[in-house]
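Remarks on the structure that follows.
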Amino acid sequence: MFDKVKNLNKLRKAQSEIEKQMEQVHAAKEKSGVKVVVNANNKIVSIEVEGEEDKHMKDLLNDALKDAKKKAEKKLRGQMADLGLGDLL
């Protein structure tokens, strides 16, 4: 049992390191005067509309993405529990 906990802690630490690295990976797209920059963690870094940063839109979209992720995690936990794998998350 102790080995499982130890391995789980190693896995969580590795996941945290990967997430930090993904924060640094950015992609940008621009179309019709709108520029969006996102990182590899699916977080919007910035939104510009005709050269003006739109922090409100960025925050709103990030909040929606965060809510969607929480809902997906909750659903996945339920499915994992149904399979008897609930302790893996």
Side-chain angles (χ1 to χ4, degrees):
M1 180 68 174
F2 183 71
D3 287 337
K4 284 185 178 182
V5 171
K6 195 174 180 180
N7 287 338
L8 186 58
N9 284 336
K10 285 175 70 174
L11 181 62
R12 286 184 178 153
K13 185 176 180 179
Q15 180 184 9
S16 177
E17 287 299 316
I18 291 168
E19 286 177 3
K20 286 178 187 176
Q21 292 174 7
M22 294 287 115
E23 286 283 326
Q24 303 306 313
V25 177
H26 292 173
K29 289 291 183 179
E30 189 169 357
K31 187 174 184 177
S32 301
V34 178
K35 180 179 178 183
V36 179
V37 179
V38 297
N39 66 28
N41 284 337
N42 294 323
K43 184 175 179 185
I44 298 168
V45 176
S46 66
I47 297 176
E48 290 181 16
V49 179
E50 297 184 9
E52 297 283 327
E53 186 171 2
D54 192 337
K55 187 177 179 335
H56 178 73
M57 180 68 73
K58 177 193 82 158
D59 292 343
L60 180 65
L61 290 170
N62 278 328
D63 287 346
L65 289 167
K66 187 176 179 180
D67 288 350
K69 185 176 179 180
K70 284 181 183 180
K71 288 179 181 182
E73 287 173 353
K74 184 177 179 181
K75 184 173 184 171
L76 181 60
R77 278 194 186 100
Q79 291 174 342
M80 296 288 283
D82 291 345
L83 295 172
L85 303 171
D87 60 338
L88 292 178
L89 292 178

Test: Lys55 and Asp59 ion pair at under 4.0 Å: yes
[atom1]/[X]: more than 12 non-hydrogen atoms of other groups inside 6.0 Å:
X: Lys58; atom1: NZ; answer: yes
X: Glu52; atom1: CD; answer: no
X: Glu50; atom1: CD; answer: no

Find out if a path of hydrophobic residues (ILVMFWY) with successive side-chain heavy-atom gaps under 4.5 Å connects [X] to [Y].
X: Met57; Y: Val34; answer: yes
X: Val36; Y: Val49; answer: yes
X: Val37; Y: Leu61; answer: no

Say you draw a straight line from OG of Ser46 to CG of Asn39; how long is it, rounded to the nearest 0.5 Å? 10.5 Å
Tightest non-hydrogen contact, residues His26 and Val45, listed as NE2-CG2, 3.9 Å
So which atom in Glu19 and which in Asn41 form the shortest heavy-atom distance, rounded to 0.1 Å? O-ND2, 2.9 Å
Going by side chain to side chain contact (heavy atoms under 4.5 Å, CB included), Ile18 matches just one of Gln15, Lys20, Met22. Which one? Met22
Answer yes or no: is there a donor N or O on one side and an acceptor on the other, between the side chain of Asn62 and the main chain of Ile44, under 3.5 Å? yes
